[in-house]
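This report refers to the structure that appears directly beneath it.
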There are 2 protein chains.
Amino acid sequence: MVQGQRENPDGRERLVRTAFVLFADKGFDGVTVRDIAAASSVSVGLINHHFGSKDGLREAVDEFFIAQFEDAITGAAPQELSTTQDPAEVIDAWIERHADDWPTIVAYFRRALLEESDWGFSLFQRFYGFVQSTVMRMDAAGQLAPDVDRLWLPFLMMYLEIGTMVFDPYIKRVLGRSGYDRELWQRRHRAYMTLIRRGTAPRRAPD
Amino acid sequence: MVQGQRENPDGRERLVRTAFVLFADKGFDGVTVRDIAAASSVSVGLINHHFGSKDGLREAVDEFFIAQFEDAITGAAPQELSTTQDPAEVIDAWIERHADDWPTIVAYFRRALLEESDWGFSLFQRFYGFVQSTVMRMDAAGQLAPDVDRLWLPFLMMYLEIGTMVFDPYIKRVLGRSGYDRELWQRRHRAYMTLIRRGTAPRRAPD
DNA sequence: TCAGAGACTGAACAAATGTGCAGTATGCGA
DNA sequence: TCGCATACTGCACATTTGTTCAGTCTCTGA
């Protein structure tokens, strides 16, 4: 880990960070090694020098993404469902903190899922385990009706979470603003909580 | 629209159908014109002859997909929510009917949405209008509690629907079988309906 | 001060891929 | 029967793209 040059240092790290943004934006196949090198202000050869191949770079970027992703969701989602107290400030602070990096993280996440690769699956599984433990906690706390399907509920909740992330670009085009905008996001959170808890029917079902 | 050859006829249609399957399986960039031509048992040149370019072929395949998709969902989803009667047989029949083509349709749909292209957006919008009208019908029928967020509900319902389609490959790897398998699909439908109607909390909320 | 290790460069190479085009075959209308 | 439109073929071409490698530069340790 010794830097062996004066000008143009930290090529390796710049490559990873730049490739992360480019992959998220255009996808792995949509970016050439020349694009990455140029955007990183290094030569093409440096990619293979550090990572062996373009695929090697991808692995490094994947690891970088995992770190970013876990860092972002840690301390964000768990409280939303397990406690009953109003988490408005928690969410506000979270949005504030990740306003810059979140869009890129989400975009990369989308690509990972789309590619249906092994590591996209492991990401899905990680998320699944996360939601499942939330459901088990709800169950233990007596917050689940006995006839709720314990198999499907985690998946349905995942769909709600992931959908919000993955389809935000479309939300933006339909509503004119991102679902992560403060007011919209607060509303979404309430709508989400209400749906999970009480559904949509009036207290006294009409039928 | 005149066939001008004897052997190897209907090249155009075979190209579209073959490309549809290949695009769904490997994505647009993951398939070469030579792959498509070979799988269609035609020459490479025929693609540009009929469609001008690979992109032209994609447009034709997109149209083909839209037709397939609309044909498949028409008469499937609307009844699920608007009526209270048990739609088990309807769904059963639907699964039976589309057992062969549905996986490919879903795979293609998934790519279209996740690629964030213009036409993926128009697909999203179409779906949105579809779900929104369902919600409005529910509302008119008095099936929505007054404090339900009318803005977010259609999106959340979309996420539930789309998630099932888009993440089916992962479901397959987590549960060992497709979410569209009969028994699993029936259960999913019940779980979905229950969640939308009543949520997950017991009748008497514990808090 | 010298040698080596490692970061870095950039031209050259080979493979892959979309497209163009000249040529062939066949059915239809005149 | 002739001519034209059109489906179709397949080779050739230009471009793109990932990879290789010989060579340069700079820091570190002996």
Side-chain angles (χ1 to χ4, degrees), chain A residues 1-64 108 111 114-115 117 119, chain B residues 1-64 108 111 115 117-119:
Chain A
M1 291 296 172
V2 180
Q3 300 297 337
Q5 79 299 340
R6 196 164 57 206
E7 56 178 326
N8 212 7
D10 300 322
R12 189 194 154 94
E13 185 179 347
R14 278 219 311 288
L15 277 172
V16 172
R17 302 190 99 98
T18 307
F20 174 55
V21 174
L22 290 177
F23 287 166
D25 191 32
K26 301 170 194 286
F28 182 75
D29 289 330
V31 183
T32 70
V33 289
R34 274 163 248 266
D35 291 338
I36 302 169
S40 307
S41 304
V42 299
S43 65
V44 250
L46 194 62
I47 291 177
N48 282 45
H49 172 69
H50 279 304
F51 309 101
S53 67
K54 193 188 178 187
D55 264 303
L57 172 60
R58 168 194 234 149
E59 287 172 29
V61 174
D62 281 349
E63 282 177 31
F64 178 76
Y108 199 89
R111 301 269 172 203
L114 170 64
E115 276 171 18
S117 57
W119 95 272
Chain B
M1 290 298 171
V2 179
Q3 299 296 341
Q5 78 299 340
R6 194 165 58 209
E7 57 178 327
N8 213 7
D10 301 320
R12 190 195 154 93
E13 185 179 347
R14 277 219 311 288
L15 276 172
V16 172
R17 302 190 99 97
T18 308
F20 174 55
V21 174
L22 289 177
F23 286 166
D25 191 33
K26 303 170 193 287
F28 182 75
D29 289 330
V31 183
T32 70
V33 289
R34 274 163 250 266
D35 291 339
I36 302 169
S40 307
S41 303
V42 299
S43 65
V44 249
L46 194 61
I47 291 177
N48 282 39
H49 171 68
H50 278 304
F51 309 101
S53 66
K54 191 188 179 188
D55 265 303
L57 172 59
R58 170 192 231 153
E59 286 173 29
V61 174
D62 282 349
E63 284 177 31
F64 177 76
Y108 199 89
R111 302 231 172 242
E115 269 175 19
S117 57
D118 275 347
W119 97 272

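In the text below, chain A, chain B and the rest are named by the order of the sequence lines, each starting its count at 1.
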Would you say a side-chain N or O of B:H49 is under 4.0 Å from OP1 or OP2 of D:dC8? no
If each of A:G52 and A:T32 is mapped to the nucleotide of DNA chain D with the nearest heavy atom, which maps nearer the 5' terminus, i.e. the 5' end? A:T32
Supply the atom-to-atom distance A:T18 OG1 to A:E13 CD, rounded to the nearest 0.5 angstrom. 10.0 Å
Side-chain contact, heavy-atom cut-off 4.5 Å: B:F28 with B:V61? no
How many Å lie between CD1 on A:I47 and P on D:dC21, as a whole number? 17 Å
Atom CZ of B:R58 and atom P of C:dT19 are separated, to the nearest Å, by 12 Å
Among C:dT9, D:dT19, D:dT9, which nucleotide sits nearest the side chain of B:S43? D:dT9
Tell me the interatomic distance from A:L46, atom CG, to D:dG23, atom C1', rounded to whole angstroms. 15 Å
How many angstroms lie between NE2 in B:H49 and CZ in B:R12, if you round to the nearest 0.5 Å? 9.5 Å
Which residue lies toward the 5' end of DNA chain C, B:D29 or A:G45, if each is placed at its nearest nucleotide? A:G45
Nucleotide nearest A:R34 (side chain, heavy atoms from C-beta), chosen from C:dA12, C:dG18, C:dT9: C:dA12
Tell me: CZ of A:F51 to P of C:dG6, nearest whole Å? 16 Å
Under 4.0 Å: is that the gap between some side-chain N or O of B:H50 and OP1 or OP2 of D:dC8? yes
Of C:dT19, D:dG10, D:dT19, the nucleotide closest to the side chain of B:N48 is C:dT19
Nearest to side-chain heavy atoms of B:K54, which nucleotide of D:dG18, D:dT9, C:dT19: C:dT19
Nearest to the B:V44 side chain among C:dG10, D:dC11, C:dA7, which nucleotide is it? D:dC11
Would you mind reading off the distance between A:I36 atom CD1 and C:dT9 atom C1', rounded to a whole angstrom? 17 Å
Parallel, tilted or perpendicular, judged at 30° and 60°: which one describes the rings of A:F64 and A:F20? perpendicular
Atom-pair distance (CG on B:D35; C1' on C:dA16), nearest Å: 11 Å
CZ/A:R58: more than 12 non-hydrogen atoms of other groups inside 6.0 Å: yes
